[in-house]
Amino acid sequence: MNGFKFFWRTSKVIQDHPTACIALLLTTASGGSLLAISEHRPFQVAHADVGQADSKKKKVVILGTGWGGTSFLKNLNHPSYEVQVISPRNYFAFTPLLPSVTNGTVEARSVVEPIRNIAKKKRFDTQFREAECLRIDAANKKVLCRSSQDTNLGGEENFSVDYDYLIIAVGARSNTFNTPGVEENCHFLKEVEDAQRIRRTVIDCFERACIPSISEEERKRLLHFVIVGGGPTGVEFAAELHDFVTDDLASLYPSLKDHVKITLLEAADHILNMFDKRITVFAEQKFRRDGINLRTGSMVTKVTNKEITTKERATGEINSTKYGMIVWSTGIGTRPVITNFMKEIGQGNRRVLATDEWLRVEGMENVYAVGDCATINQRSVMEDITAIFSKADKNKTGKLALNDFKDVIKDICERYPQVEIHMKEKQLKGFTALLQNSQSNSKNEVIDIELFKNALSEVDTQMKNLPATAQVASQQGVYLSKCFNRMEECEANPEGPLRFRGTGRHRFHPFRYKHLGQFAPLGGEQTAAQLPGDWVSIGYSSQWLWYSVYASKQVSWRTRTLVVSDWARRFIFGRDSSRI
Ligand code: FAD
Ligand code: MG
């Protein structure tokens, strides 16, 4: 009872003075005190079971508790829904901090938020089922699922859930490109458990290398860490590992420090290809200075339990190297449940599930997909050019005066964002400038369909797929939840852009991604930041920007406090090398 009173009082103080309390908590070096508070939370009364809930409410099923699924759930607030969330993990994971979990800069529990903490705050009925969706039966509006608890608790349970609306946010899996031996011998860095396993394996390698009967050659093998993939995740992991070894392990294992080797393999000519050239150059130079063995143009062809084989792209030379641990981080592939679903709905020849610009799965009425599992199939201007022309040509003369475009310009730019990007690229001010540009030699203010096609012939080259990032997935989740929150009022009051192929207007504005920039932490308290407008900053100051952005992006004050206190603990005491 006393414990309960203490909790009640403490939480009251936190509610009344949140900023002061957070400040106080942040100054304590350990996150322990806050953990203790949250663990003593009184038991919450469960919501009514969905089975008995209001039958007039629309059933929304969300598959996945990652960036897409969680941001949708957090922002959905219309009381006309009842929601079931299905995911094999009962928490949200802040993936950008997973590389920091691999060496204990941040603890695993600091980067996760139980999905039930988020669900219990909803105004409508929200249920969570810890299960994996095995099949999406769109014809019968059902998903078939299998429980995913430890099978020692009893056998697997299969069940199905009906939906009115389905939100697919199952993310992607690691892609091995069918390279032999990768699945069996490499670590991946996708889930929290992966990061924990990597942390234990690194310590294992060091401890085993200390066993006196181990040969010198074997010791070298154990302490050779290989990272495959020079994208942001591989690079950040290599940097974190290097920091862990030099800052912490070198003093704990002084006899081993000269045996450690970190190799980063990249098949392309440079690492961090998606970043500005200045960042790539800086990162490569820094890694070489730090003694990281950076090998670009090197493709992995085979992995066995002790050896990794590569082929040099330029020379065709084959090399085999012994290793202690490999982390494979070369990109993502489609999950089997999505591959099967794609076959069923006639998208079998595609690589990723396609949605329209409103995030609806193509050809489906009530199924939506967000995040890494889907891609937006942006409509090309050339496909619709006749329809666009005839919408502008109101008096149906087959000719357009520039003035005729005034009414449809906004809609064209909204429906086909590549038009705006193209104009920006060519530094053309406005749509009429684009049209005039194509007939610059003539004074003619009237254009026909051929001239129109000519003017727009290049714009489709500006169509790009969105990157598979947390930023995209969470913006899509927020966008979709806003559409759902306004679904009913917008049915009667359409305000979206003009339909060029059909009649009337779309109910909602299409999804538009807003790029906020990206980071590449490079170790040694240095980070490269590429912000919108090609603003590049590299060094210690960007590291502080990185700290503040990642602290602010946490999904709850609980995880924010834990993460910040972990950083503080690392500064004061270093990283913990216990193998637990
Ligand atoms: P996820 O977040 O992967 O979530 C998928 C969810 O679906 C999970 O809960 C999973 O358990 C669940 N699921 C899987 N299968 C099923 C099934 N059959 N049925 C039901 N549920 C299922 N992006 C950035 O923008 N910035 C970064 O700094 C960054 N760093 C990263 C670092 C690492 C180490 C990794 C791995 C990724 C990083 N990303 C980053 C990418 C980002 O994490 C992904 O783009 C993002 O997680 C995609 O969100 P999502 O919701 O599509 O999928
Ligand atoms: Mg998700």
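Atom NZ of K311 sits in a sparse spot, with 12 or fewer heavy atoms from other residues, nucleotides or ligands closer than 6.0 Å. Under a cut-off of 6.0 angstrom, the local environment of CE in M299 is sparse, with at most 12 non-hydrogen atoms contributed by other residues, nucleotides or ligands. By the neighbour-count criterion of 12 heavy atoms within 6.0 Å, atom NZ of K464 is sparsely surrounded, having that number or fewer from other residues, nucleotides or ligands. Within 6.0 Å of atom CZ in R350, more than 12 heavy atoms from other residues, nucleotides or ligands are found, so the atom counts as buried in its surroundings. Summarising the local packing, CG of N140 is surrounded by more than 12 heavy atoms from other residues, nucleotides or ligands at distances under 6.0 Å.
Separation of the F92 and W67 ring centroids falls under the 6.0 Å cut-off. Aromatic ring centres of H506 and W358 lie closer together than 6.0 Å. Between F484 and F72, the ring center distance clears the sub-6.0 Å criterion. The aromatic ring centres of Y479 and F508 sit 6.0 Å or more apart. If you look at Y540 and W544, their ring centroids are not closer than 6.0 Å.
Nearest heavy-atom pair, K58 versus Y165, reported as atom, atom and distance to 0.1 Å: CD-CE1, 3.8 Å.
Q471 places no side-chain N or O within 3.5 Å of a backbone atom of H515 that could act as its donor or acceptor partner. Checked by atom type and distance alone, the side chain of D164 pairs as donor or acceptor with a backbone atom of K59 at under 3.5 Å. Looking only at distances, a side-chain donor or acceptor of Q476 sits under 3.5 Å from a matching main-chain atom of G371. Panel note: side chain R313, backbone A267; a donor-acceptor pair is recorded below 3.5 Å. Looking at T355, its side chain never comes within 3.5 Å of a backbone N or O of A369 through a donor-acceptor pair. Looking at D356, its side chain does come within 3.5 Å of a backbone N or O of R360 through a donor-acceptor pair. No donor-acceptor pair under 3.5 Å is formed between the side chain of N75 and the backbone N or O of S481. Side-chain atoms of S298 never come within 3.5 Å of backbone atoms of R295 as a donor-acceptor pair (strictly under, hydrogens ignored). Looking only at distances, no side-chain donor or acceptor of K302 sits under 3.5 Å from a matching main-chain atom of T310.
Ring geometry, Y550 versus W546: the interplanar angle falls from 30° to 60°, so the pair is classed tilted.
A side-chain donor-acceptor contact under 3.5 Å links D460 and Q418. Checked by atom type, the side-chain pair S556/E113 shows a donor-acceptor distance below 3.5 Å.
C413 contributes atom SG, which lies 10.5 Å from atom CD1 of I421 (distance to the nearest 0.5 angstrom).
Considering T233, I326, V182 in turn, V182 is the only one that fulfils the side-chain contact (heavy atoms from CB on, under 4.5 Å) rule with F188. Remark: of the listed residues L272, L294, N273, N273 is the sole one forming a side-chain contact (heavy atoms from CB on, under 4.5 Å) with E266.
Between L73 and I115 the shortest side-chain heavy-atom distance falls below 4.5 Å.
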